[in-house]
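By convention in this document, chain letters (A, B, ...) are assigned in the order of the sequence lines, proteins followed by strands, and residues within each chain are numbered from 1. Side-chain atoms are counted along with the backbone in the values below, which use heavy atoms only and exclude waters and symmetry mates.
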Number of protein chains: 2
Amino acid sequence: MRAAYATRPREQVSAVLRREKRYLSAAEIHAILRKSRANVSLSTVYRTLDLLAGKGEASARVDERGEATFVVCDQSHHHHAVCNTCGKVEDVSCEAIESVANALRSHHGFKLADHEMEFFGTCGACR
Amino acid sequence: MRAAYATRPREQVSAVLRREKRYLSAAEIHAILRKSRANVSLSTVYRTLDLLAGKGEASARVDERGEATFVVCDQSHHHHAVCNTCGKVEDVSCEAIESVANALRSHHGFKLADHEMEFFGTCGACR
DNA sequence: ATGATTTTGCAAACCATTCGCAAATTAGGG
DNA sequence: CCCTAATTTGCGAATGGTTTGCAAAATCAT
């Protein structure tokens, strides 16, 4: 059966994501770890991110420059509100989707199965 | 001032997108063009896609494998309903966003500035 | 502790995308 | 039309984020 070793490098990568709460690329995480003298290889950062994303503990996003970035998040279905100022990401539930599903079916004959949403704006702390 | 030449290669790339109406990568477009004996270089396909995306005539999306894909679409603000069966993409307006904006502000203290949504399901033709 | 199994690190391999540059194409005025 | 200036194309080479192979190191169960 598959892996599951609780290793130091993995915990360190995970800790950075939990502390920062914003979208970070593998390279950024690697740089942050180096500063705190935690020498985790870039490969391990990538592998750990894939692992977390696979378990649903982190979600991925491709930024404007084409780099993959990750945040820790709920495992249940939800969406993200990203602050344009500080970058912090908050989990948001989606109640309003019902009305959208109805509109899609009646106006487009489209049967909704899944959806993705992302919000951008200013968080409470930055206002 | 900037470019604007109406060239054959650009028209051919654009025509493929208008005909297919689904997310296509540069490589896929290049392959389709080769089959119809239209020899447009891969570089030109990439450059034309950037151009169309810049003008808002096409919108980009990164697929599961990490490749950039494009569709032609309205220039006004809207969202996409992607059919899981045939891949066709329909433009969808968003009326329901008002209630979401209100919920974000009252529950999270978050001031919504922009948003992205994408829908997946089964289109009318495939049902 | 001990051995089986999983991870890590490093460097090399990948591969989609970008770039440099000379040749080809386009737009427009004369 | 014809010519020139400006833009675009194609090619191959360079880029750069991400993946991979493999031997050494770490982890877990016994």
Side-chain angles (χ1 to χ4, degrees), chain A residues 1-18 20 22-55 57-72 87, chain B residues 1-18 20 22-55 57-72 87:
Chain A
M1 37 210 95
R2 266 295 298 295
Y5 286 15
T7 67
R8 193 130 186 290
R10 282 180 185 170
E11 172 50 34
Q12 292 173 312
V13 170
S14 183
V16 170
L17 284 176
R18 284 195 305 271
E20 300 284 338
R22 58 193 174 93
Y23 280 104
L24 293 172
S25 69
E28 287 174 319
I29 295 171
H30 186 240
I32 290 174
L33 287 174
R34 293 203 114 214
K35 267 188 205 142
S36 56
R37 297 199 228 357
N39 288 318
V40 178
S41 75
L42 185 55
S43 302
T44 295
V45 174
Y46 273 110
R47 285 186 283 230
T48 302
L49 289 173
D50 284 349
L51 211 61
L52 292 174
K55 289 199 292 182
E57 291 179 19
S59 96
R61 178 182 153 65
V62 178
D63 70 14
E64 320 73 54
R65 296 203 300 286
E67 286 185 71
T69 57
F70 298 78
V71 253
V72 284
Chain B
M1 42 210 89
R2 267 294 300 295
Y5 286 16
T7 67
R8 194 131 186 289
R10 283 180 183 170
E11 171 52 32
Q12 291 173 312
V13 169
S14 182
V16 169
L17 284 175
R18 285 196 305 272
E20 300 284 338
R22 58 194 174 91
Y23 279 104
L24 293 172
S25 69
E28 287 173 318
I29 294 171
H30 186 240
I32 290 174
L33 287 173
R34 294 203 112 215
K35 267 190 203 140
S36 55
R37 297 199 227 359
N39 289 319
V40 178
S41 76
L42 186 53
S43 301
T44 295
V45 174
Y46 273 109
R47 287 186 282 229
T48 302
L49 290 174
D50 284 350
L51 211 62
L52 292 174
K55 289 199 291 181
E57 290 179 20
S59 98
R61 178 183 154 65
V62 178
D63 70 14
E64 319 73 54
R65 296 202 301 287
E67 285 184 72
T69 58
F70 298 78
V71 252
V72 283

Does any part of the side chain of B:Val16, heavy atoms only, come nearer than 4.5 Å to the side chain of B:Leu33, both counted from C-beta? yes
Take the protein atom CD of B:Glu11 and the nucleotide atom C1' of D:dT9, then report the distance between them rounded to whole Å. 16 Å
Quick check: do B:Ile32 and B:Glu20 have side-chain heavy atoms less than 4.5 Å from each other? yes
Output a table of nitrogen or oxygen pairs between the protein and nucleotides 17-21 of chain D separated by less than 3.5 Å.
residue	atom	partner	partner atom	Å
D:dT18	OP1	A:Ala68	N	3.0
D:dT18	OP2	A:Tyr46	OH	2.3
D:dT18	O5'	A:Tyr46	OH	3.1
D:dT20	O4	A:Ser43	OG	3.2

Heavy atoms only: give me the nearest A:Glu28-A:Leu24 pair and the separation to one decimal. OE1-CA, 3.3 Å
Looking at B:Thr48 and B:Arg10, would you say the former's side chain and the latter's main chain have a donor-acceptor pair under 3.5 Å? no
Compare all side-chain heavy atoms of B:Thr44 with those of B:Arg47 and state whether any distance is below 4.5 angstrom. yes
From CG of B:Leu49 across to P of C:dT17 the rounded distance in Å is 10 Å
Compare every heavy atom of B:Gln12 with every heavy atom of B:Ala38, then report the nearest pair and how far apart it is. CB-NE2, 3.4 Å
Just the rounded figure in Å: distance from P of C:dC14 to CZ of B:Arg65. 18 Å
Are the charged groups of A:Arg18 and A:Glu11 less than 4.0 angstrom apart, N to O? yes
Pairs under 3.5 Å (N/O, protein and nucleotides 25-30 of chain C):
none

CZ-OG distance between A:Arg34 and A:Ser36, expressed to the nearest 0.5 angstrom: 11.0 Å
Are the side chains of B:Leu17 and B:Ile29 in contact, using a 4.5 Å heavy-atom criterion? yes
Quick one: A:Gln12 CD to D:dA26 C1', roughly how many Å, whole number? 13 Å
Atom-pair distance (CG on A:Leu33; P on C:dT8), nearest Å: 12 Å
Taking A:His30 for its side chain and A:Ser41 for its backbone only, find out whether a donor-acceptor pair lies under 3.5 Å. no
Would you sketch DNA chain D in dot-bracket for me? Only Watson-Crick or G-U wobble pairs with both distances under 3.5 Å count, crossing pairs as [ ], other-strand pairs as |, the rest as dots. ||||||||||||||||||||||||||||||
Return the minimal non-hydrogen interatomic distance between A:Tyr23 and A:Val71, and the atom names on each side. CE2-CG2, 3.2 Å
